[in-house]
Amino acid sequence: MSEQPKQLVAPTGTHDVLPDSSRAWERLVGTFSEMAHQWGFGLVLTPMFEDVAVFNRGIGEESDVARKEMYVFEDRGGRTLALRPEGTASVVRAFVQHQPTTPWKAWYVTPAFRYERPQAGRYRQHHQLGVEVLGTEDPFVDVEVIALAWRFFETIGLSQIRLMVNSMGHAECREAFVVSLRSHLSSQESNLCDEHAKSWSGNPLRVIDCKKRECRTVVDAGPSIADALCEECATHFKHVTDGLTAIGVPWERNVKLVRGFDYYTRTTFEFVSDALDGAQNAVGGGGRYDQLAEDLGGKPTAGVGFGSGIERLLLALQAEDSLRFEKLRDASIDVFVVDTTGGQEALQICDLLRRNGFAADRAFDGRSMKSQLKAADRSGARIALLVGPQELEAGTITIRDLRATDEGNRQKLVPRSELVNVVREAIETSMN
RNA sequence: GUGGGCGUAGCUCAGCUGGUUAGAGCGCCGCGCUGUGGCCGCGGAGGUCACGGGUUCAAGUCCCGCCGUCCACCCCA
């Protein structure tokens with residue numbers, strides 16, 4: 001006697017998306033794809049894993065993501081690879097490798113992997129969609145990238161979103177700011193929270209978005225990035241915010257907005273949902289990364305982009321109660337074919353309908369008519385086509401309106417040769 | 001990585017201070033209606049009470065471990 005094999009389940013922090021909820025995914029990704037094309041972006045697909053250096057040099061070896069969250073492994077050829085923890089680095093690596101003409105406008109949708117302790121809205125595999133523009137430092141591009149994200153959120157029905165923007169300045173402004181921040185923090189070390197009192201010098205910028213009161217007091221009294229910007233960077237930032245204002249995208253400046261990846265220069269931004277609480281309220285973010293292409297071994301090339309987490313967007317939609325799954329499901333099937341003669345008729349009728357552009361489904365296993373009609377009801381189909389021995393004999397089909405209420409006038413016998421036209425007509429009238 | 005809550009049917013959950021064959025609603029299958037869904041009535045299938053140890057005459061219930069999940073921190077999407 002062998003034991004029953006142990007049931008296997010999805011790994012910690014991962015999840016299956018089944019047809020009920022995947023309708024919402026299709027809608028999000030479909031909408032984004034359409035909008036990205038409207039904005040002039042082309043789809044880019046890059047490998048899910050890369051040489052680990054792509055991410056170490058990209059997001060910074062000092063960042064938490066690179067230090068302790070990456071899935072790093074060695075393949076059979078001894079190469080050290082990593083599953084992608086975010087979207088941007090791979091796209092920029094592809095740009096550097098292929099040197100397309102600029103400006104290069106790319107959009108993507110991809111899973112991202114981080115070894116984290118899972119909780120609501122945070123997974124070991126999550127999914128991001130986003131865009132990148134390489135080859136121009138024109139502030140209008142920053143505006144376009146932010147605007148695309150904003151309009152996308154509007155289109156899918158999110159209303160409680162706030163956009164926060166900031167500028168880190170270019171490499172020199174940023175470096176000068178880090179120096180003055182460092183000296184401020186070192187003089188205030190004893191006033192920082194327990195953790196940052198020890199760790200501030202590794203990455204002083206991290207202290208800026210610490211939520212502890214002690215750190216906030218120290219930070220508020222210290223230098224502001226806003227004052228550290230050179231004239232060019234200040235002007236660049238003003239063009240970005242003026243551009244947003246010009247097209248009616250509301251923004252607020254947040255001088256403490258310091259994002260987790262080291263590659264950001266100048267513009268940074270983040271979208272938060274007020275419908276989600278605290279910890280996981282960021283639904284998207286991004287910024288400019290004018291050094292990144294060079295860091296990955298390419299020619300100096302400016303870039304800017306944003307990424308948004310699909311799971312977070314769905315949580316935010318749910319929190320705003322903007323998701324209507326029922327409606328999405330109703331849209332699926334036009335016709336359900338009921339065949340009590342063995343199934344051969346349903347095979348041919350479904351094929352005919354599908355070739356003519358209808359969404360058709362049927363039952364299997366030779367069930368009773370009653371049971372098949374029950375399945376028809378569940379499918380959400382507008383109409384059912386019934387074929388039993390009588391119809392088969394007479395070369396006819398019974399068409400039944402599954403939504404009508406007057407029992408006397410809801411089904412009729414039609415010649416099989418007229419099927420496609422009759423179905424088309426029935427669907428048109430039942431749509432009204 | 002640190003701290004806490006929770007794991008009982010496919011789903012949502014009940015199960016009092018340990019005590020016979022572990023329940024409900026929804027869903028699923030069937031019958032009432034032997035060719036007609038949705039509503040209603042009746043019936044049925046489905047559980048090693050997450051898993052592994054321990055205490056006890058007796059554990060879903062108490063203890064320990066483990067895994068999973070949720071929450072907070074951290075970080076982020």
Side-chain angles (χ1 to χ4, degrees), chain A residues 3-4 6-15 18 20 59 62-70 84-88 109-130 149 193-196 199 203 206 209-212 257-261 270-273 276-286 306-316 336 338-341 363 365 367-393 398-405 407 410-411 413:
Chain A
E3 271 180 44
Q4 269 246 307
K6 191 169 155 50
Q7 190 190 346
L8 298 171
V9 297
T12 300
T14 68
H15 56 120
L18 304 182
D20 268 356
I59 64 186
E62 281 308 303
S63 70
D64 283 14
V65 169
R67 260 186 23 245
K68 49 190 195 193
E69 294 180 355
M70 270 206 289
R84 81 157 47 116
E86 57 95 47
T88 301
V109 52
T110 177
F113 307 88
R114 293 179 203 169
Y115 192 86
E116 302 195 77
R117 190 80 177 263
Q119 68 190 67
R122 201 178 70 178
Y123 309 98
R124 289 189 178 170
Q125 176 178 342
H126 75 279
H127 300 79
Q128 293 191 6
L129 41 79
C193 74
D194 293 348
E195 193 199 330
H196 285 122
S199 67
N203 189 348
R206 288 263 61 87
D209 56 7
C210 178
K211 292 175 189 91
K212 299 261 166 49
L257 179 61
V258 179
R259 297 183 46 80
F261 301 139
E270 198 165 290
F271 299 93
V272 300
S273 165
L276 296 177
D277 34 38
Q280 269 73 47
N281 69 351
V283 296
F306 90 89
S308 195
I310 295 178
E311 288 86 352
R312 291 274 173 90
L313 290 174
L314 291 171
L315 279 178
F336 197 96
V338 172
D339 174 8
T340 57
T341 70
D365 300 326
R367 290 174 176 281
S368 69
M369 173 163 288
K370 181 185 179 65
S371 161
Q372 292 191 46
L373 267 164
K374 211 169 168 181
D377 185 53
R378 259 199 300 264
S379 77
R382 292 189 168 77
I383 59 179
L385 295 177
L386 290 84
V387 183
Q390 288 165 30
E391 285 88 350
L392 186 56
E393 173 95 7
T398 297
I399 178 167
R400 178 173 176 84
D401 186 335
L402 292 171
R403 308 234 178 127
T405 44
E407 190 54 52
R410 64 187 312 184
Q411 74 180 42
L413 212 51

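Every chain is numbered from 1 and lettered A, B, ... according to where its sequence line falls, protein lines coming before strand lines. As the structure is a computational prediction, the values presented were derived from the model and not from experiment.
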Checklist entry - Just checking A:Ser368: base, sugar-phosphate only, or nothing, at a heavy-atom cut-off of under 4.0 Å? => result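 It contacts nothing in the nucleic acid.
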Checklist entry - Counting any heavy atom closer than 4.0 Å, what does A:Gly13 reach on the DNA or RNA strands: base, sugar-phosphate only, or nothing? => result sugar-phosphate
Next on the checklist: Under 6.0 Å from the ring centre and within 45 degrees of the ring axis: does the NZ or CZ of A:Arg84 meet both conditions for the six-membered ring of A:Phe113?
Outcome noted: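 Relative to the ring axis of A:Phe113, which defines the angle, A:Arg84 lies outside at least one limit.
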Distances for protein N/O vs nucleotides 32-36 of chain B N/O pairs under 3.5 angstrom?
unit_1: B:G35; atom_1: N7; unit_2: A:Gln390; atom_2: NE2; d: 3.4
unit_1: B:G35; atom_1: O6; unit_2: A:Gln390; atom_2: N; d: 2.7
unit_1: B:G35; atom_1: O6; unit_2: A:Gln390; atom_2: OE1; d: 3.3
unit_1: B:G35; atom_1: O6; unit_2: A:Gln390; atom_2: NE2; d: 3.2
unit_1: B:G35; atom_1: N1; unit_2: A:Glu391; atom_2: OE1; d: 2.8
unit_1: B:G35; atom_1: N1; unit_2: A:Glu391; atom_2: OE2; d: 3.3
unit_1: B:G35; atom_1: N2; unit_2: A:Glu391; atom_2: OE2; d: 2.6
unit_1: B:U36; atom_1: O2; unit_2: A:Arg400; atom_2: NE; d: 3.2
unit_1: B:U36; atom_1: O2; unit_2: A:Arg400; atom_2: NH1; d: 3.2
unit_1: B:U36; atom_1: O2; unit_2: A:Gln411; atom_2: OE1; d: 3.3
unit_1: B:U36; atom_1: N3; unit_2: A:Gln411; atom_2: OE1; d: 3.2
unit_1: B:U36; atom_1: N3; unit_2: A:Gln411; atom_2: NE2; d: 3.1
unit_1: B:U36; atom_1: O4; unit_2: A:Gln411; atom_2: NE2; d: 2.9

Counting distance only, does the side-chain N/O of [X] pair as donor-acceptor with the main-chain N or O of [Y] below 3.5 Å?
X: A:Thr398; Y: A:Leu413; value: no
X: A:Arg400; Y: A:Ala384; value: no
X: A:Glu393; Y: A:Gln390; value: no
X: A:Asp365; Y: A:Arg367; value: no

Item to check | Letter per nucleotide, 5' to 3', of nucleotides 2-8 of chain B [B base touched, S only sugar-phosphate touched, - untouched; heavy atoms, 4.0 Å] | outcome: BB-----
Item to check | Reference residue A:Val338; test side-chain contact (heavy atoms from CB on, under 4.5 Å); the match among A:Leu385, A:Leu386, A:Val387 | outcome: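 In the set A:Leu385, A:Leu386, A:Val387, the residue that makes a side-chain contact (heavy atoms from CB on, under 4.5 Å) with A:Val338 is A:Leu386.
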Item to check | Side-chain donor/acceptor contact of A:Arg122 with base of B:A77 under 3.5 Å | outcome: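 Answer no: no donor N or O sits under 3.5 Å from an acceptor.
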Item to check | Where RNA chain B forms stems, i.e. three or more consecutive Watson-Crick or G-U pairs with both distances under 3.5 Å | outcome: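 Output for stems: B:1-7 with B:67-73, B:10-13 with B:23-26, B:28-32 with B:40-44, B:51-54 with B:62-65.
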Next on the checklist: Could you tell me if the side chain of A:Leu392 sits less than 4.5 Å from the side chain of A:Pro389, heavy atoms only?
Outcome noted: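 No. Closest side-chain heavy atoms not under 4.5 Å.
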